[in-house]
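Within every chain, numbering begins at 1; the chains are lettered A, B, ... in the order of the sequence lines, protein sequences first and strands thereafter.
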Amino acid sequence: MVTKIGKRRTYVVAGFLKVLSEINCIIFTTKKIFPYLSYLRLDQMPDIFALVDCNNFYVSCEKIFKPGLENKPVVVLSNNDGCIIARSDESKNLGIKMGIPVFEISQIIKKNKVHVFSTNYALYGDISERVMNLLSEMAPEIEIYSIDEAFLDLSHIPQTELNETGRKIIEKIKMFTGIPVSIGFGPTKTLAKAANMLAKTSKKNQGVFSLVNNPDAEKIFNKIKINEIWGIGEKYMAFFNRTGIMSAYDLQHANENRIRERLGIVGQRLVLELRGTVCYPLNQNPDVKKEICTSRSFGHPVTSLEELEEATASYVAKAAQKLRKQKSMANSLMLFIMTNKYAKGPQYVNYRIVKMPSPTNQTQELIHFAQIALKRLFRKGYYYKKAGVIVSDVAPSNQVQTSIWEPSTREKNQSILKAVDAINAKTGKEQVKFAIQGNEETWKMRQHNLSPQYTTRWRDILEVNMDH
DNA sequence: TCTGGGGTCCTAGGACCC
DNA sequence: TCTGGGGTCCTAGGACCC
């Protein structure tokens, strides 16, 4: 009798899967006719997602090479030494909030001897790569989601071994890179994210938490506040609070169709993911960017066209180099300049979009178009604070349509730029650049507390004194 | 008197993320 | 004195086509 039921079950499950795969085909062909079905993505759905997140990543990177910072309050600042963008636990306990301008808490910093670092992307980027390489070895599929986070497909791990696997991963990352990480498991990305938050917030979880068939799910979801859920920001929170949806539990049991009416497909996916239905599969090659932005605030207010020309040319050069690195070309370029929105003086914000005659990734050409845009944008008599360039409509170089308007100098310039990129990559900075980028860099951002590039520049590598 | 209907593509802006 | 930077996806509406 028992075996019969067992067999029958298997049959039922197999039949269900078959139906599912058929639905899958139908959905792909009819998605356009029934867009409301588009939340269903039945291709490659892992059963168990893990989210690995580095704890206080930038601060942890600084700590690797300065063991004396252990148990001390540490913060890392944004570009231009403007805002707090990373905090050690000790700094969090001092009440230092994420994202606030550093001058607002100068008293707290002084009084508690908080260690302050300028942002050091060269270092963080390199450490990140090491962490991600290790993670790739430990899972069949991985999606690098940000500089300090990755989703793993751990469907092959038995549920009973999840916690142990999590602890092993933590140990390995710590041992090989010195970076502490936390891990959350869940049947969807949204739930893995939530589990990760719980892994971090409770000491007794020791950095690992699973929401895969968790028997206390109801109690746990009741405690998760609506704004703690991945994908819910200020506006959505306001909407949910108005409708009386305050916790993850409330949202799980909300009327899906009503949410869909008000928040569209994004809202509906939130509900489904919380219920355990995968709407966001693992995305394994998100690397090629669709647009590339380079923008900076200036260290000092800028008034002259010449300085703006230098600064924007430098930003364009960076963007062009990123384009070449991912083997892409851009069809369109956007340039913007703005005054300091916090200052009292007259304000000016403007942008200009240039459609280029043929797609390119050559610095010279892009600078040329940016300069045209800048001359049209520029107004005398303002104190400019920030400028930036965004190249968009990006396509792979080998798929680009050639045009009869293509400059005849392309090929020659291509080899020049190749050499420039090679030299600059080797020295780790802009050793070779275009004359218009200037040399003074009077506009350059402030970075008063920059740590050395321990892992990416020869002269910054630590020396160990064997005498002690 | 009376003026279609269905579709695609593009873009700007909004919302979110780290 | 001082207030970051770099992305993605979705949607509504306009332009355009037949």
Starting at CG of A:Leu263 and ending at C1' of B:dA15, how long is that distance when rounded to a whole Å? 10 Å
Expressed in angstrom and rounded to an integer, what is the separation of A:Glu234 atom CD from B:dC17 atom P? 11 Å
Indicate whether any N or O donor in one side chain lies under 3.5 Å from an N or O acceptor in the other, for A:Ser118 and A:Asp81. yes
What is the distance, to the nearest angstrom, from the CZ atom on A:Arg269 to the C1' atom on B:dA15? 14 Å
So A:Tyr454 and A:Lys66, side-chain contact (heavy atoms from CB on, under 4.5 Å) or not? Walk me through it. CA-CA 11 Å; A:Tyr454 298 107; A:Lys66 290 209 171 83; 3.5 Å; yes
In whole angstrom, give the distance that lies between atom CD1 of A:Ile84 and atom P of C:dG5. 15 Å
Any A:Arg446 side-chain N or O less than 4.0 Å from OP1/OP2 of C:dT1: no
Between B:dG13 (P) and A:Ile390 (CD1): distance, integer Å: 12 Å
Output the single nucleotide from B:dG13, B:dC16, C:dG4 whose closest atom is nearest the side chain of A:Tyr351. B:dG13
Where each pair must be Watson-Crick or G-U wobble with both distances under 3.5 Å, what dot-bracket representation of DNA chain B is obtained, with crossing pairs in [ ] and other-strand partners as |? ....||||||||||||||
Ranking A:Thr294 and A:Phe298 by the position along DNA chain C of their nearest nucleotide, the one closer to 5' is A:Phe298
Could you tell me whether A:Asp81 contacts a base, only the sugar-phosphate backbone, or nothing, with contacts defined as non-hydrogen atoms closer than 4.0 Å? nothing
Closest to the 5' end of DNA chain C, once A:Pro101 and A:Gly264 are matched to their nearest nucleotides, is A:Pro101
Does A:Glu273 use its side chain to pair, donor to acceptor, with the backbone of A:Tyr280 at less than 3.5 Å? yes
By nearest atom, which of the nucleotides B:dA12, C:dG4, C:dT8 is closest to the A:Lys289 side chain? C:dT8
OP1 or OP2 of B:dC18 sitting under 4.0 Å from any side-chain N/O of A:Lys193? yes
Checking all strands, does A:Ser106 fall into the base, sugar-phosphate, or nothing category for heavy-atom contacts under 4.0 angstrom? nothing
Please work out if A:Ile100 contacts a base, only the sugar-phosphate, or nothing of the nucleic acid, heavy-atom cut-off 4.0 Å. nothing
Does the A:Ser397 side chain pair with the main chain of A:Lys327, one donor and one acceptor, at a distance under 3.5 Å? yes
Go through it in stages, so that I can follow the logic: the residues are A:Arg446 and A:Asn80, the test is side-chain contact (heavy atoms from CB on, under 4.5 Å), and I'd like the CA-CA distance, side-chain angles, deciding distance and then a yes or no. CA-CA 5 Å; A:Arg446 283 184 302 269; A:Asn80 226 15; 3.9 Å; yes
Checking all strands, does A:Ile292 fall into the base, sugar-phosphate, or nothing category for heavy-atom contacts under 4.0 angstrom? sugar-phosphate
Give A:Glu104 one of three labels, base, sugar-phosphate or nothing, depending on what nucleic acid heavy atoms sit under 4.0 Å from its own. nothing
Distance check needed: C:dC2 P versus A:Lys386 NZ, whole Å only. 16 Å
Using the P atoms only, state how far C:dT3 lies from B:dC17, rounded to an integer number of Å. 25 Å
Within the pair A:Lys235 and B:dA15, is there a side-chain N or O less than 4.0 Å away from OP1 or OP2? yes
Taking 4.0 Å as the cut-off, does a side-chain nitrogen or oxygen of A:Ser295 come that near to OP1 or OP2 on C:dG6? yes
Indicate, with a heavy-atom threshold strictly under 4.0 Å, whether A:Lys290 touches base, sugar-phosphate, or nothing. sugar-phosphate
Assign A:Lys385 to base, sugar-phosphate, or nothing according to its heavy-atom contacts below 4.0 angstrom with the strands shown. sugar-phosphate
Nearest-Å distance for atom pair CG/C1', residues A:Asn56 and B:dC18: 14 Å
Residue pair A:Asn55 / A:Ser182, side-chain donor-acceptor N/O under 3.5 Å: yes
Please confirm whether the shortest side-chain N or O distance from A:Lys189 to OP1 or OP2 of B:dC17 is below 4.0 Å. no
Taking only distance into account, with no hydrogens and no angle test, what donor-acceptor pairs under 3.5 Å do side-chain atoms of residues 370-382 of chain A form with protein atoms, sequence neighbours excluded?
{"from": "A:Lys375", "atom 1": "NZ", "to": "A:Glu309", "atom 2": "OE2", "distance (Å)": "3.4"}
{"from": "A:Arg379", "atom 1": "NH1", "to": "A:Arg376", "atom 2": "O", "distance (Å)": "3.0"}
{"from": "A:Arg379", "atom 1": "NH1", "to": "A:Leu377", "atom 2": "O", "distance (Å)": "3.2"}

Between C:dC16 and B:dG4, how far is it from one C1' atom to the other, in whole Å? 16 Å
Can you pull out every ring-ring contact (aromatic ring centres under 6.0 Å, His included) where at least one residue sits in residues 126-145 of chain A? Sequence neighbours excluded, please. A:Tyr145-A:Phe151, A:Tyr145-A:Trp230
Tell me, do A:Arg87 and A:Met98 make a side-chain contact under 4.5 Å, heavy atoms counted? yes
May I ask you to evaluate whether A:Ser297 reaches the phosphate of C:dG5, defined as a side-chain N or O under 4.0 Å from OP1 or OP2? yes
Does C:dG6 have its OP1 or OP2 closer than 4.0 Å to a side-chain nitrogen or oxygen of A:Arg296? yes
